[in-house]
Peer 1: 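Have a look at this one before I ask anything.
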Amino acid sequence: MRQVYLDNAATTPVDPRVLDEMLPYLREEFGNAASRNHSYGWRAEEAVDTARNQVAKVLGCSPKEVIWTSGSTESNNIAIKGVARMYGEKGKHIIAQETEHKAVIDPCKYLEQEGYRVTFLPVTKAGLVSAEQVREAICDDTILVSIMFANNETGTIQPMAEIGKVCKEKGVLFHTDGTQAFGKIPVDVEAMGIDLFSLSAHKVYGPKGVGALYVRRKRPRVRCEPVLHGGGHERGMRSGTLNVPGIVGLGAAAEIALREMDTESKRLSGLRDRMWKGLSSNLDEIFRNGDPDQCLPNILNVSFLYVEGESLMMGISTVAVSSGSACTSASLEPSYVLKALGLGDDLAHSSIRFSMGRFTTQEDIDFTVDKMVETVNKLREMSPLYEMAKEGIDLSKVVWAAH
Ligand SMILES: *Cc1c(COP(=O)(O)O)cnc(C)c1O
């Protein structure tokens, strides 16, 4: 049975080249990178240093500014709670946006219980925030702005350099959850005025359970209160024995992603556009969510009106995708990200996120388009709403019988 994986925004397979780099560090090179008195430790430390350089090159920062973590959830927690606690004397106001990942929203909500104030900025229909909105939201006691680089559901890319400029002008620290952007589109923490940047290996063909946080060391020197206390590793910001094989994998993944970024980005956006063309030329009443121009090359989010996302996913069971109706755990709440874009429950519930990756082929796309068209048509044949709409009945004006 043909299986197609179009859920690369949820996680990616480990690239075989990455695995090859990792294997020696799971076998003979098992040293602790903090062991200073023998060669096992030195070799492990050397491997970690190489990876630090590889990650730093993608961000445009110094290797000394890279802190290893267990992934983006932890990086976001260190950045947000760490900055809040370190600079809490200066102020207790934080700015984020409504479409942030839960790994940003929840630490912010947690801080609200501790007496911090958080402003969640609304976004446009395309999912964008503007530097002007950020400027207007900054108060005397604002200490941190946290704006996601590229959205994991819609692919929408925020105007990072403009927001960074406003933050610099106002003397407010700028964090970004860059998980979906890292290794996919150009990043330059200097040019973009970014002070903290969260990333994760498993979204760029590295292993799960490892990530990093960029923490600026100069102009200004940023400090974070640690979340974990212990041996004082990673400039005191993240104690714990380093996951050497994982870090080696993240480094290798970063190097490959950077080297292949231009060609891969063109290939992926070609596949994404082919998919949208295939869907939109064969189906009516479908809508593309997010900003079609300021968008990651690999994400396509579409609402198929009059069909339900979950039924759609079941209908195309050999294709792995995500639906906007079940994005957060197993709840049937429609995606809060799509609702923030102004979608009604009907459109949010009928949305599917297709996320292509390094191993996606044109055949995968064509197969998926065929499956989707077939399934949507079948479901709509059974949908009285679709039939009524086709007959020209304005569904918003229908007075439904009382139950
Ligand atoms: C996947 C993802 C996370 C969580 O990353 P983990 O490494 O799995 O903790 C956070 N933010 C975004 C935008 C993501 O896509």
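Numbers here are sequence positions counted from 1. Ligands are counted one by one from 1 in listed order, and the atoms in each one are counted from 1 as well.
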Peer 1: Does NZ or CZ of K390 come closer than 6.0 Å to the centre of the six-membered ring of Y306, within 45° of the ring's axis?
Peer 2: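 Cation-pi check for K390 and Y306: fails.
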
Peer 1: N/O of E74 under 3.5 Å from N/O of ligand 1, yes or no?
Peer 2: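 So ligand 1 has no N or O lying under 3.5 Å from an N or O of E74.
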
Peer 1: Please name the pair of heavy atoms, one in Q158 and one in M148, separated by the smallest distance, quoted to 0.1 Å.
Peer 2: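 Heavy atoms of Q158 and M148 come nearest at CG-O, 3.2 Å.
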
Peer 1: Heavy atom under 4.0 Å from ligand 1: found in M148's side chain, backbone, both, or neither?
Peer 2: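 Contact part for M148 vs ligand 1: side chain (C-beta onward).
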
Peer 1: Check whether the side chains of T361 and D364 place a donor and an acceptor atom closer than 3.5 Å, and report yes or no.
Peer 2: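 Yes, D364 and T361 have a side-chain donor paired with an acceptor closer than 3.5 Å.
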
Peer 1: Just need the protein heavy atom nearest to atom 11 (N) of ligand 1, so name the residue and atom and give the distance.
Peer 2: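 Nearest protein contact, heavy atoms only, for atom 11 (N) of ligand 1 is D177 OD2, 2.7 Å.
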
Peer 1: At what distance is the nearest protein heavy atom to atom 9 (O) of ligand 1, and which residue and atom is it?
Peer 2: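 Sorting protein heavy atoms by distance from atom 9 (O) of ligand 1 puts T73 OG1, 2.6 Å first.
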
Peer 1: Regarding Q133 and E136, is there a side-chain donor-to-acceptor distance under 3.5 Å anywhere?
Peer 2: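 No, no side-chain donor-acceptor contact under 3.5 Å.
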
Peer 1: I'd like the name of whichever of S200, S75, A150 reaches closest to atom 7 (O) of ligand 1 through any heavy atom.
Peer 2: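 The option holding the nearest heavy atom is S200.
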
Peer 1: Which residue owns the protein heavy atom closest to atom 5 (O) of ligand 1, what's the atom, and how far is it?
Peer 2: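 Ranked first by proximity to atom 5 (O) of ligand 1 is S72 CB, 3.2 Å.
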
Peer 1: With heavy-atom distances below 4.0 Å as the criterion, list the atoms of ligand 1 near G71.
Peer 2: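 Atoms satisfying the 4.0 Å criterion: 7 (O).
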
Peer 1: Going by the atom numbers of ligand 1, which of them fall below 4.0 Å from some non-hydrogen atom of H202?
Peer 2: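 By the 4.0 Å cutoff, the relevant atoms are 6 (P), 7 (O), 8 (O).
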
Peer 1: Quick check on K102 - does any of its heavy atoms sit under 4.0 Å from an atom of ligand 1?
Peer 2: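 False for this residue.
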
Peer 1: Tell me whether N152 has any N or O atom under 3.5 angstrom from an N or O of ligand 1.
Peer 2: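 The answer is no, given that N152 and ligand 1 share no N or O pair closer than 3.5 Å.
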
Peer 1: Where the side chain of E285 meets the backbone of L305, is there a donor-acceptor pair that is under 3.5 Å apart?
Peer 2: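 Checking the backbone N and O of L305 against the side chain of E285, no donor-acceptor pair under 3.5 Å is found.
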
Peer 1: Counting only heavy atoms, tell me which of K203, K208, E153, H101 gets closest to atom 15 (O) of ligand 1.
Peer 2: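 The option holding the nearest heavy atom is K203.
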
Peer 1: Are F30 and Y40 near enough that their ring centres are under 6.0 Å apart?
Peer 2: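 Yes, ring centres under 6.0 Å apart.
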
Peer 1: State, to 0.1 Å, how close G232 and S239 come at their nearest heavy-atom pair, and which atoms those are.
Peer 2: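 Residues G232 and S239, closest heavy atoms: N-OG, 2.7 Å.
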
Peer 1: Can you establish whether the number of heavy atoms outside D140 located under 6.0 Å from its atom CG is more than 12?
Peer 2: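 No, because the 6.0 Å sphere around CG of D140 holds 12 heavy atoms or fewer from other groups.
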
